[in-house]
Amino acid sequence: MKIYTKLAGTLLASLGAIAISGGIAFSGADNAELVIDGKKIATKSAAPEGSALDELISGWQYALSETQEMQADDFDNPAFPAVERGEGLWSTAIGSKNKSCADCHDDASVSMKGVRAAMPKWKASLGKPITLEQQINECRVDRQGAEKLKFDDNDMLAMTSYVGLQSRGMPVKVQTDGPMAEWTDKGKKIYYTRVGQLDMSCANCHEDNYGNYIRANLLSQGQSNGFPVFRLKWQKLGSIQRRFKGCMSNIRADPYKVGSDEFVALELYVASRGNGLSVETPSVRN
Ligand code: HEC
Ligand code: HEC
């Protein structure tokens, strides 16, 4: 049975949770399990106190079953060539200081464990939170004497996926109190503000309508625990903020700039909505 709801001029086909037309299976309701190398990664978790969501659900639960399977096997996961490149870059000396990441951080599986789970992080020296990409750029510029990279530069994605992998399976745990409170609030305001020609907010899709279809797309909670994600549509990895840009463009709003205070605040707030969900980096999405 199909129930159509009209939402800000967009027709959403709200289909029962289980089976839908065209042979597409939504597994969100069947508690599909993500197991990688024999290790179970929880794709649902209890909502943190004060959450607007009843339960936290990873985007993996909303992916097509073939896509889910790709992510469940590192040999099939199309992000892994980039992860391997990141591993190579980790120990390659670069810049005017001729230093590698490994020169200072040694074994990434030890030094980078848990780092991705806590990003964006408060940076006292700058008096603001920074994302993983910004931290890597800080090390590149200040400690290696190399140039900054764009968030979606292939070398940056190789590094964020390699560093992120070291937290796979660990719960997202971003700080939202202390100096982060003001930034979390700023991100929250952006999340709930209707923008663009379609006059919609992030919450209209990812809070009010997850589990429903919008055109051919099954809406998830818009969680960030899998980033960078390999999107089959892009045929490459993409940063969280690239996804934000895409979502804003889709509702015909002017996206903020990647790396802007607005997007860092939004990234922090979105991460905080997933506090407790497992890091899945690098995940695969349609
Ligand atoms: C010369 C030494 C040096 C080099 C080379 C270096 N870093 Fe760092 N890195 C540091 C120091 C020191 C900090 C802590 C900075 C701070 O807290 O302000 C840090 C912090 C970090 C963090 C944050 C860790 C956390 O716990 O949140 C990440 C991620 C990181 N570096 C990644 C890299 C990567 C990737 C490279 C190579 C592209 C690299 N670093 C190269 C010295 C270095
Ligand atoms: C018109 C509906 C719509 C709006 C509004 C919207 N998105 Fe999305 N978003 C989507 C669709 C469709 C996808 C792909 C399917 C999915 O994961 O929901 C998506 C995916 C995402 C993802 C990736 C989730 C994953 O698991 O990989 C994130 C993160 C995200 N959106 C964040 C946002 C943020 C932040 C905003 C507000 C700036 C926003 N979205 C606004 C429709 C929307």
Side-chain angles (χ1 to χ4, degrees), residues 7-8 10 12 57-63 86 89-95 97-105 108 111-116 118-126 130 132-140 142-146 149 155-156 159-160 162-164 166 187 190-196 198-229 231 233 238 240-251 253 255-256 262-263 266-267 269-271 273-274 280 283-286:
L7 178 87
T10 312
L12 288 174
I57 309 173
S58 159
W60 182 82
Q61 286 287 354
Y62 298 87
L89 293 172
W90 180 260
S91 45
T92 306
I94 56 161
K97 302 188 176 160
N98 200 36
K99 290 256 183 223
S100 73
C101 315
D103 285 340
C104 296
H105 295 293
S111 64
M112 294 292 128
K113 202 173 162 69
V115 170
R116 167 65 179 79
M119 287 289 178
K121 229 178 225 184
W122 182 250
K123 191 77 178 177
S125 56
L126 298 175
I130 60 169
L132 180 56
E133 293 89 347
Q134 289 169 325
Q135 172 64 61
I136 292 172
N137 271 336
E138 186 193 273
C139 283
R140 286 179 60 92
D142 295 353
R143 307 185 197 275
Q144 294 179 298
L149 297 175
D155 281 357
M156 179 59 88
M159 196 54 81
T160 51
Y162 176 63
V163 168
Q166 314 310 323
I190 296 172
Y191 196 88
Y192 284 98
T193 302
R194 289 169 175 268
V195 291
L198 297 191
D199 194 34
M200 293 178 85
S201 70
C202 313
N204 286 151
C205 283
H206 294 299
E207 182 173 307
D208 303 338
N209 279 290
Y210 63 87
N212 290 335
Y213 273 86
I214 182 159
R215 298 193 199 95
N217 300 301
L218 183 55
L219 283 167
S220 73
Q221 293 181 346
Q223 296 286 0
S224 57
N225 58 316
F227 282 83
V229 307
R231 249 193 110 185
K233 186 180 157 194
I240 301 168
Q241 296 196 11
R242 177 176 179 186
R243 186 52 123 152
F244 292 171
K245 255 175 81 175
C247 282
M248 290 191 78
S249 302
N250 283 343
I251 49 173
Y256 296 106
E262 286 85 0
F263 264 178
L266 185 60
E267 182 174 331
Y269 177 66
V270 168
R273 289 173 69 92
E280 286 173 29
S283 66
V284 189
R285 298 286 184 264
N286 300 113

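First listed ligand is number 1; within each ligand, the first listed atom is number 1. The figures here come from the full heavy-atom set of this structure, side chains too, leaving out hydrogens, waters and symmetry mates.
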### Query
Sequence neighbours excluded, which residues qualify as salt bridge (Lys or Arg N to Asp or Glu O under 4.0 Å) partners of Arg140?
Glu147
### Message
Run the salt bridge (Lys or Arg N to Asp or Glu O under 4.0 Å) test against Glu267 and tell me which residues pass, sequence neighbours left out.
### Response
none
#### Entry: Salt-bridge contact Arg285-Glu280 (side-chain N to carboxylate O under 4.0 Å)
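Looking at Arg285 and Glu280, the cut-off is met.
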#### Entry: ligand 2 atoms in contact with Leu218 (distance to a heavy atom under 4.0 Å)
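Those qualifying, in numeric order: 15 (C), 16 (C), 18 (O).
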### Task
For Gly222, counting its heavy atoms only, list the atoms of ligand 2 lying under 4.0 Å from any of them.
22 (C), 24 (C), 28 (C), 29 (C), 30 (C)
### Task
From atom 16 (C) of ligand 2, work out which of Ser283, Ser220, Ala203 has a heavy atom at the shortest distance.
Ser220
### Every N, O or S from the protein that is nearer than 2.8 Å to atom 8 (Fe) of ligand 1
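For atom 8 (Fe) of ligand 1, the protein N, O and S atoms that sit under 2.8 Å away are His105 NE2, Cys139 SG.
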Please identify which atoms of ligand 1 are closer than 4.0 Å to at least one heavy atom of [X].
{"X": "Lys99", "result": "5 (C)"}
{"X": "Met159", "result": "35 (C)"}
{"X": "Met119", "result": "27 (O)"}
{"X": "Trp90", "result": "35 (C)"}

### Query
So is His206 polar-close to ligand 2, meaning N/O to N/O under 3.5 Å?
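Checking ligand 2 against His206, an N or O pair does fall under 3.5 Å apart.
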### Message
Going by side-chain contact (heavy atoms from CB on, under 4.5 Å), name the residues that satisfy it together with Ala118, two or more places apart in sequence or in a different chain.
### Response
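With neighbours one apart ignored, the set is Lys121.
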### N or O contact, Lys123 vs ligand 1, cut-off under 3.5 Å
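For ligand 1, there is an N or O atom that lies under 3.5 Å from one belonging to Lys123.
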